[in-house]
Structure formats: structure tokens, C-alpha cells
Amino acid sequence: MASEILAPEITVEVLQQTAGKLGVKVPQNVEHDFAELMRGTREAILAVAAMEDFVPPADLDKYPRTDVVHPPPEHNPYNAWATKATVIGAKEGILSGKTLVLKDNICLAGVPCEFGTKVFSDWVPNTDATVVKRILDAGVTITGKATCENFCAYGASNTSAHGPVGNPYDKTRSSGGSSSGCGVLVAIGEVDMAIGADQGGSIRMPASQVGIVGLKPTFGLVPYTGIISSETSIDHAGPMTRDILTNAQLLKVIAGVDGLDDRQIAGTPFPNQVPDYPALLARAKSAHALLSIAEQGTGPFPGNPRKLRVGILKEGFTFQELDPHVASLVKEAAKKFEELGAEVIEISVPGHSQAVLVGRVHRLTQYNNLLGRTSGTRQIYQTDLTQEILPWTQEKFDKLWYVSAGLLLQGQYCDEYYPYLHGKTHNLVRKLRYEYDDALSKVDVLLMPTLPWVAKKLLGQDVSPSEHMKDYSGFNTNTVPFNMTGHPALSIPCGMLPPPEGPEDLRLPVGLQLVGKYHDELTLYKAALAWSDAYDWKTL
Ligand SMILES: NC(=O)c1ccccc1
């Protein structure tokens, strides 16, 4: 048993080896006392290892899993399916008749989960994520699991053990990642909706590259229970759909406290009740109504309605990797908010330019799923998965895509030399949060491109890691900051462009990102709905 190998019998030698890892030696006169202490700990470890784990069981009788298959290539033209399955939800519900696919890091009991890797195989989760229970109760039919990138760790779609996920607008290009399969299956109309996950842009980047709507909700709004974690303070799950209203409907169903996930009480003040987004949107009958805000009045006097304020985030447009054509198209899209009756101004958040640097250290110092760390967070842990991944062996390491291998190595390095920097990054993120909050006290939403470019060519397996990295430098500048601060961020398609290298007649989607105050998804939806009702992004 692995636990016996990892918890060796305690001798004075083992005690001193352990001390040696700290660079110290236990004084001889207390060696036996400390060995005794550790023997007690070892016994406790072995006892806990032998106990049966405790996770919420899935209701397989009520919602049986059928037709579970890995589709052959001829039934999987984009490689977007990881596994097909059928799980029919409740007969009546607000989403009844709709189909949905889950990113392949979301637990659906009884159906294999690949997590984009071959490091382990045939792992079948024994529990349903809370979002799964909620959508089934709302009447959704789940049609399977969508390919996700290797360990959910990349923003392009060539890293899954499954093979590359081609973009519907040009199969030789990336569809974005890491919720790549979700983006493609929604874009081509194979499903009505998807639930993706996002630690650095993984919902918004595919949404941007394939021309759909993707929301990374406020941190904690959607429970992350039963979804494979990357790092508990940046984990988010959220809806991916072709239109805004469906997105709002799905959010309404999956949002709210489940009593199992610490992320939901970890810093963003939580609303007592999840707003009825679709009903509130349906009530506003015009762009004018959608784009006016009822200013809070004081005392008995209700406030006056005023125009929605859109802030063009200066630093979201000034980084060097940003394709100038994307920049001008997104700025034009922003100006259209003025035509619709909003106020548009430019606003600066200097910290935005440093955020990716902070993010790099933040995630490396605590990448739970690779290093098998737990964070102290109260949540449901996929301990059976951790045991598949750990301990690392050469054979497993050789099966990692280089980005994940790099994360593992960098994480180990940070752990050895700079573990305290994780804490410091949290402090710096709080500072960043106040900077965005300050901007969001002057405007209602911040606006910027989601990704700095339209879909790039997929790079082959023969391309070196360095070339990959060069090609993707700057890709997460506008997405990573809001994973750390937790502000809600919505990507919508806002036009099309040819790729810079041509051909001239190819048109690829461009994503526009709106960022709002904590738990103000409604304002993001209102702005996006007014815009998308007025303009057809495919003709702009
Ligand atoms: N999981 C993510 O959101 C992600 C995206 C891009 C790069 C790394 C991670």
C-alpha cells in the first residue's frame, strides 16, 4: 500500500533524515522523545489512510448514466468530445429540453474523466459536482464530457492527450483553452450550453476564439464542489452559451451556496439570494432601459436613473503583444455603447500591467492538482484522483504535456525556495483588487479585449516548448487578473477579423471582455444584451 511506502517505520535514522530536509539535526538527548512523537503521528496517518473516504454519493437511480462511449474519430470531427454519455434530467425545470456538455474536469459519477492527460487512465469519479446536480434538477440533458486541455493548464487547444481541438472557423487553428471542447461543441450547435472552468481565462479564451458567450462569475458564486481544482483561490466554474439570455438562465441554475465549498465565503460579500437574472433582463425592453442604472437614493428618496458607464481599461490595450487590429476593433465596439445610450470613458488601473507577473508566482507556489497539495480549504476533495497522480514517477512525468511538466518543475522550485511568496502574492492581489474596485466606483463595467489576437495556427507536436512559449507570450494579460481578484468577467463576440498573416478572406471571431463589481453579473449581462441585440457581430 502506498501509505506504507510513504510513511516509513520511525527509527532514529528516519527522524534525523526528516530533520536533515530542514537542514537541522535533532539533539541526541531528545532523539527518542521526538521519535516517539512521530510514531504516534505515523499511526494516525495509517489509521486515516485505512478509513473509508466520505464524499456525497450521486443519485444514479434517479439520473442513470447511459450510452457512455469515447466516440471514434468519424463521430468526433473536432476532437471536442472526451466522452459521450446520456444523463436525462428532471422532467420539468427551467432548462428542460436543453442539452449540455461538461468540461472534462467536472465530476460526473460513473463517467470517465480524463482531465486532458494520459498520466492516469480510466479514472471514474464517484461523485457528482454540485453544478451537475443542479442542472439535472433543472431538466437539462447532459450529453457528455468535452475535451479539456492538459491538466486545464493552457490557453490553446493543442495540449490535450486526446489530440488538438480544431477551430470551427478554420480547423487548422486553435479554438482556445482550456475549456476547448466546450467552446467548440457550443459554437457548432452540437449542444445548447456548456459548463467550463477558468483559473486564468479557460472559459473566456475559448469563448473569444470560437465566437460564443463565456462568463467567469464572481469568485465563489458558483460552487466548485466536485470539480478538479488547480488552486483554490483562482478556481471558477461558469456558463458557456451562444447567447446572453441562455447564459443568464444557466447561471441562475448553477449559482448559490451549497454549504460544501469554502470558496463561497472566502472574501467576496455574498448576496442573500441569487438574482433572477433572466427575469430581470426580460423586464428591460430596450437598449435604453438595459443601459440605465438606478442610482441609490438616500433616505426616503429613490435615486434617479442614469446612464451606464463603460470604462475602457487603458492598460488592457497597451501591452505589446496585442494585435493592433484587435485593439481597434474592440475600441470601435466600445464606442457603439455610446450610440446605444451609455457613457464611455477611458480609465486607468496601473496595477493591471503587473498582474500577470504576480499571477505567475501566485499559481506556481500552490498548484494543487500537480503537487497534490491541499490548501486547508473546506471542500470535497478528489482524493482518489490525487492518488492516481502521486507519487510522480518518470513514466508519468514523460506523459505530461510540456506546459504541465513545466508547472510541476517550477512549482517544486518555488516550494523549495520561496514558499512564503504565495502569501505575499495574496497581499498584492488584495492591493490590485482595491485598484479595480476604485475604478469600478467610477464606472459600472471595465472593457478590454479578451485575448490579444484571433485564433492562431495550431502548433504541432514537433514544435519546441520555447517556440510555443514565444507564440503565446502575453496571452493571459487581460484574463488572469480577474481570477485572482475574483471580479466577474464576461466575454462576448464583438466582430470578426482576418488573421494578421492572412488569408484576407478568412474571418475569425474577436472577443470583448466586460468586467464588473463583485456579484454584479446582472450589469454585465445588461450591457452585453443591449450590445448584442443592436449589432450582428458577424457582419461588423
Ligand atoms: N485553467 C486556466 O484558466 C488556464 C488558462 C490559461 C493558462 C493556464 C491556466
Side-chain angles (χ1 to χ4, degrees), residues 102-106 113-117 146-160 165 174-183 194-210 214-217 219 222 224 227-240 263 321 355-371 400-411 450-453 455-456 459 465 468-491 511 513 515:
L102 300 165
K103 183 179 185 180
D104 201 21
N105 74 330
I106 301 177
C113 180
E114 296 181 13
F115 197 29
T117 180
T147 307
C148 86
E149 296 308 310
N150 207 262
F151 277 75
C152 293
Y154 207 48
S157 63
N158 56 329
T159 78
S160 171
V165 180
S174 169
S175 57
S178 63
S179 308
S180 45
C182 290
I195 302 179
D198 188 317
Q199 282 86 14
S202 282
I203 289 174
R204 294 159 285 161
M205 294 195 283
S208 164
Q209 305 265 263
V210 303
L215 174 75
K216 180 205 76 67
F219 182 72
V222 174
Y224 207 80
I227 307 178
I228 302 174
S229 172
S230 297
E231 199 281 314
T232 50
S233 74
I234 55 174
D235 290 331
H236 297 73
M240 300 171 75
R263 297 171 188 79
E321 294 90 350
V356 165
L357 210 58
V358 175
R360 181 167 182 166
V361 172
H362 175 97
R363 67 190 49 217
L364 285 176
T365 41
Q366 190 91 5
Y367 221 75
N368 300 324
N369 62 35
L370 283 158
L371 291 158
L400 280 172
W401 176 256
Y402 84 85
V403 171
S404 312
L407 283 170
L408 179 62
L409 293 171
Q410 296 166 90
T450 308
L451 269 168
W453 47 64
K456 292 193 178 204
L459 298 178
H468 270 284
M469 284 184 255
K470 219 165 48 208
D471 203 41
Y472 269 73
S473 158
F475 76 109
N476 52 8
T477 305
N478 285 347
T479 49
V480 153
F482 309 110
N483 289 84
M484 297 193 292
T485 64
H487 293 94
L490 177 71
S491 181
Q513 182 175 246
V515 175

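Order of appearance sets the numbers: ligands from 1, and atoms from 1 within every ligand. Residues take their numbers from the sequence shown, with the count starting at 1.
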Can K103 be said to sit on top of F115's aromatic six-ring, NZ or CZ under 6.0 Å from centre and within 45° of the ring axis?
no

Suppose we screen for ring pair (Phe, Tyr, Trp, His ring centres under 6.0 Å). Which residues come up paired with Y224, at least two apart in sequence or across chains?
none

Taking the inter-plane angle between the rings of Y472 and W453 on a 0 to 90° scale, is it parallel (under 30°), tilted (30 to 60°) or perpendicular (over 60°)?
perpendicular

Under the side-chain hydrogen bond (donor to acceptor under 3.5 Å, both in side chains) test, which residues partner K216, sequence neighbours left out?
H236

State the OG-CZ distance between S233 and F219, to the nearest 0.5 angstrom.
6.0 Å

If you count only heavy atoms, which residues are under 4.0 Å from ligand 1?
C152, A153, Y154, G155, S178, D198, Q199, G200, G201, S202, M205, R363, F475

Under the side-chain hydrogen bond (donor to acceptor under 3.5 Å, both in side chains) rule, collect the residues that match up with N478, sequence neighbours excluded.
H352

